[in-house]
Amino acid sequence: MPRAKRKRASSENSTEPAAKAGDKEVEKTVTSGAITPKNKSAQKTGEPEEYAHWLLKSEPESRMDKGIDMKFGIEDLKSQPNQTACWDGVRNYQARNFMRKMKTGQKAFFYHSNCKEPGVAGVVEIVKEAYTDHTQFDPKNPHYDSSSSRDNPRWFMVDVQFVRMLNRFIPLAELKQIHLKHKASGGPLKNMALFTRARLSVQPLTQEEFDFIVSLEDVKA
DNA sequence: GCCAACGTTGGC
DNA sequence: GCCAACGTTGGC
């Protein structure tokens with residue numbers, strides 16, 4: 001079975017009540033924080049923003065956490081059976097909530113974080129929608145959550161499958177430059193979550209953001 | 001390895 | 001329910 005280690009996020013031992021409160025708050029934050037052009041209409045209709053594209057962060061370089069290596073780059077995904085892995089270890093409510101909105105067939109960028117050269121490496125597809133992240137119940141797992149119960153699991157994961165590498169690696173530094181430019185000019189990356197919500201390990205992208213970044217693969221850096 | 005940004009916790 | 005302290009993320 002593929003065991004992928006994803007970005008964790010904060011608090012491994014939040015209490016049940018805290019989790020519930022946090023949950024709600026995050027739900028709010030997510031909605032109001034969904035900075036997209038469509039957000040306005042979303043607010044009018046009262047419908048939550050619906051995203052169809054995502055960005056998933058993972059660490060391509062070795063780093064030990066409680067005796068377990070967190071390394072899981074896109075090459076590691078490629079070498080899994082079926083080039084498929086479960087995106088476990090997400091321990092942040094916003095990130096979790098986004099994962100629960102993912103639908104089979106949707107595409108996501110595989111982003112390399114916490115490494116020499118951070119950036120977008122390739123494209124993956126959601127091949128299984130959110131289900132219980134078993135690692136929350138494993139005391140030996142770095143992402144063990146002692147206060148999550150099997151009756152009412154707190155954390156979820158999806159399965160992703162490798163689709164393709166981008167024709168070239170798109171470095172964070174380049175995206176950042178474009179983001180800054182677009183903030184001034186109103187281009188497609190002006191609100192990109194990678195910069196407006198830097199620590200979020202599972203992020204939504206608008207169609208425009210996704211397409212624009214894909215278009216960079218054939219542009220000379 | 002440093003440290004800014006930010007999510008969570010817990011005292012009050 | 002505020003907010004200071006704390007822990008983590010992740011770029012640099």
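Chain A is the first sequence line, chain B the second, and so forth, proteins listed ahead of strands; every chain is numbered from 1. FYI, side chains are in, hydrogens and waters are out, and symmetry mates aren't considered; it's all heavy atoms of this structure.
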Just the table, please: protein N/O against nucleotides 2-6 of chain C N/O, every pair under 3.5 Å.
none

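- Whole-Å rounding puts the A/R199 CZ to C/dT8 C1' distance at 5 Å.
- Within 4.0 Å of A/Y111, counting heavy atoms only, lie sugar-phosphate atoms of the nucleic acid but no base atom.
- When the salt bridge (charged side-chain N to carboxylate O under 4.0 Å, His left out) test is applied to A/E61, no partner is found at least two apart in sequence or on another chain.
- The salt bridge (charged side-chain N to carboxylate O under 4.0 Å, His left out) check on A/K78 picks up A/E75, with sequence neighbours excluded.
- Distance, A/D145 CG to C/dT8 C1': 15 Å, rounded to whole Å.
- A/Q203 has its CD atom 12 Å from the C1' atom of C/dG10, to the nearest Å.
- Between the C1' atom of C/dT9 and the CE atom of A/M70 lies a distance of 14 Å, rounded to the nearest Å.
- Summarising the geometry, the separation between OH on A/Y93 and P on C/dT8 is reported as 15 Å, rounded to the nearest angstrom.
- The side chain of A/Q94 lies closest to B/dG7 when the candidates are C/dG11, C/dT8, B/dG7.
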Item to check | CA sep, side-chain torsions, deciding dist, call: A/R197, A/Q94, side chain to side chain donor-acceptor pair (under 3.5 Å) | outcome: CA-CA 11 Å; A/R197 306 164 80 181; A/Q94 294 187 27; 2.8 Å; yes
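- OP1 and OP2 of C/dG11 both lie 4.0 Å or more from every side-chain N or O belonging to A/K116.
- Look at CZ on A/R197: it is 17 Å from C1' on C/dT8, rounded to the nearest Å.
- Within the structure, the ring pair (Phe, Tyr, Trp, His ring centres under 6.0 Å) test picks out the following pairs touching residues 160-187 of chain A (sequence neighbours left out): A/H179-A/F195, A/H182-A/F212.
- Between A/K66 and A/I68 there is no side-chain heavy-atom pair separated by less than 4.5 Å.
- In this structure, NZ of A/K71 is placed 18 Å from C1' of C/dG10, rounded to the nearest angstrom.
- Residue A/K57 has a polar side-chain atom (N or O) positioned under 4.0 Å from OP1 or OP2 of C/dG10.
- In this view, A/E117 satisfies the salt bridge (charged side-chain N to carboxylate O under 4.0 Å, His left out) rule with no residue, not counting sequence neighbours.
- When the ring pair (Phe, Tyr, Trp, His ring centres under 6.0 Å) test is applied to A/Y111, no partner is found at least two apart in sequence or on another chain.
- As rounded to whole Å, 15 Å separates atom C1' of C/dG11 from atom CD of A/Q177.
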